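Remarks on the structure that follows.
Every chain is numbered from 1, with letters handed out A, B, ... down the list of sequences. Here the structure is a predicted model, which is why all the values come from computation and not from measurement. Side chains included, hydrogens not; waters and symmetry mates left out as well; all remaining heavy atoms used.
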There are 2 protein chains.
Amino acid sequence: MENEHYIRELINRLARLDAASAWQGNLNPAQRAVLSYLARANRFSRSPSHVAEYLGSTRGTVSQTFKSLVQKGYVIEQRSQTDKRAIHFDLTDKGARATDEPKLMSQAISKMTKRTTDGLTASLETLLLSLLAENGGRAFGICNQCRHFETRENGGHCTLLSEDLSSIEATKICNEQEPA
Amino acid sequence: MENEHYIRELINRLARLDAASAWQGNLNPAQRAVLSYLARANRFSRSPSHVAEYLGSTRGTVSQTFKSLVQKGYVIEQRSQTDKRAIHFDLTDKGARATDEPKLMSQAISKMTKRTTDGLTASLETLLLSLLAENGGRAFGICNQCRHFETRENGGHCTLLSEDLSSIEATKICNEQEPA
DNA sequence: ACTATTAGTATCGAGTCGAAACTATTGCAA
DNA sequence: TTGCAATAGTTTCGACTCGATACTAATAGT
């Protein structure tokens with residue numbers, strides 16, 4: 001069927017038009033994508049490797065991107081005590097502010113009916129999962145929708161990492177997430 | 001509503017994962033996007049300007065991309081007789097072959113139900129139109145769905161450009177298209 | 001105690017990208 | 001018809017992406 005290619009074209013064109021409008025200020029689309037991931041990821045998932053896997057990129061490329069984000073003050077390095085190889089990056093205030101800048105596409109989406117956006121969300125999620133299954137990628141889903149998540153009084157607990165989680169943290173992306 | 005950002009994220013992530021798998025062979029994602037547009041556009045719409053507008057890019061950038069596509073033999077230059085400024089590019093056989101190379105995302109899409117893909121197509125189209133309206137972009141729709149199109153015996157006719165169209169050509173993208 | 005694996009970085013070359021300057025046409029108006 | 005503005009395309013610049021590859025340092029497994 002010809003339709004597969006058409007959907008693919010639509011997605012790529014939409015992303016391209018969005019990227020064109022994402023050049024504002026000091027940032028390019030790739031840098032913005034990293035910032036936006038960082039804002040949504042929990043503290044176990046903010047390393048170069050995780051970003052690279054999430055974005056379908058490589059550690060080398062992402063390492064470069066972090067270098068310029070650090071230089072420009074959007075992000076700060078955080079070395080791990082336990083594993084001296086590991087690093088993760090946190091958003092600075094400037095970085096956090098940059099993640100909610102004007103987005104033409106978000107406006108366009110908000111003009112659609114709830115019915116349409118709900119359907120769109122569901123079918124895009126289906127597609128994403130199917131694509132990830134195809135190339136062995138991980139879902140990077142939300143922490144509290146994970147099979148290793150247990151609800152606690154004020155937040156939750158991860159049975160995989162044996163770590164307590166604040167209620168905010170439980171709503172973020174985790175690289176270890178496996179759908180419940 | 002938070003959902004707008006989520007849909008935007010999904011589209012960008014999907015496009016990013018697709019781009020990562022589009023590096024195969026001699027081509028990068030941007031070059032592939034140009035090739036793929038060329039394959040779907042009619043003879044009035046294959047110039048650097050049109051490609052740039054379609055992809056949300058600039059003439060300068062697209063000009064660079066065409067330079068390397070020509071060098072690598074995917075595309076040939078075609079100067080216009082009537083307007084000596086104008087150029088358009090045609091796919092070579094090699095270029096045409098490159099447009100239907102294995103695409104992970106197309107496979108993933110073909111695994112979805114017809115019901116889902118139909119809904120997805122419709123909502124992505126709605127979104128695209130809404131986005132284009134927002135930033136004054138043109139639709140680049142299909143020739144025979146245009147208000148300037150008239151059906152003829154073997155093909156059609158464009159009342160805007162006063163040009164006859166083969167039936168194949170009438171199914172292609174036109175930069176002048178205005179929905180009927 | 002080795003050795004394999006893992007995390008991250010540096011470097012290379014091709015190419016993207018917006019911005020801006022530039023060339024060659026064509027269109028329009030006085 | 002001349003004279004300038006608009007249009008089509010190219011070139012150059014600098015920052016950066018990107019995959020590939022080679023590298024360093026730390027940790028894990030045997």
Which atom names give the shortest non-hydrogen contact between [X] and [Y], and what distance separates them?
| X | Y | result |
| --- | --- | --- |
| A:Leu165 | A:Glu169 | CD2-CG, 4.3 Å |
| A:Phe149 | A:Gly155 | CZ-O, 4.3 Å |
| A:Ala98 | A:Leu35 | CB-CD2, 4.1 Å |
| B:His50 | B:Arg138 | CD2-NH2, 4.5 Å |
| A:Ser45 | A:Ile173 | OG-O, 3.8 Å |
| B:His5 | A:Ser106 | ND1-OG, 3.5 Å |

Over how many whole Å does the gap from [X] atom [atom1] to [N] atom [atom2] extend?
| X | N | atom1 | atom2 | result |
| --- | --- | --- | --- | --- |
| A:Gln24 | D:dA15 | CD | P | 21 Å |
| B:Lys67 | D:dT12 | NZ | P | 7 Å |
| A:Arg79 | C:dT9 | CZ | C1' | 10 Å |
| A:Glu77 | C:dG8 | CD | P | 10 Å |
| B:Leu35 | C:dG15 | CG | P | 14 Å |
| B:Arg32 | C:dG15 | CZ | P | 14 Å |
| B:Tyr74 | C:dG15 | OH | P | 11 Å |
| A:Leu27 | D:dT17 | CG | P | 10 Å |

With [X], which residues qualify under side-chain hydrogen bond (donor to acceptor under 3.5 Å, both in side chains), at least two apart?
| X | result |
| --- | --- |
| A:Thr65 | none |
| A:Ser63 | none |
| B:Glu176 | none |

DNA chain C: A:Arg59 or B:Asn26, which has the more 5' nearest nucleotide?
-> A:Arg59
Hey, any chance A:Val51 and B:Leu10 share a hydrophobic cluster, counting ILVMFWY side chains that come within less than 4.5 Å of each other, even indirectly?
-> no
Filtered N/O pairs between nucleotides 23-26 of chain C and protein, under 3.5 Å:
from, atom 1, to, atom 2, distance (Å)
C:dT25, O2, B:Arg85, NH1, 3.3
C:dT26, OP1, B:Thr82, O, 3.4
C:dT26, OP1, B:Lys84, N, 2.7

Taking 4.0 Å as the cut-off, does a side-chain nitrogen or oxygen of [X] come that near to OP1 or OP2 on [N]?
| X | N | value |
| --- | --- | --- |
| B:Gln31 | C:dT16 | yes |
| A:Asn28 | C:dT16 | no |
| A:Lys72 | D:dC16 | yes |

When you measure from every atom of DNA chain D, which of residues 39-55 of chain B have a heavy atom less than 4.0 Å away?
-> B:Ser47, B:Pro48, B:Ser49
Restricting both atoms to N or O, compile the protein contacts to nucleotides 18-20 of chain D shorter than 3.5 Å, with distance only.
from, atom 1, to, atom 2, distance (Å)
D:dG19, N7, A:Thr61, OG1, 3.4

A:Thr121 (side chain) donor-acceptor with A:Thr117 (main chain) under 3.5 angstrom | yes
Under the side chain to side chain contact (heavy atoms under 4.5 Å, CB included) rule, what do B:Arg13 and A:Phe140 come out as? Steps first, then yes or no, please.
-> CA-CA 11 Å; B:Arg13 186 168 171 207; A:Phe140 282 76; 4.0 Å; yes
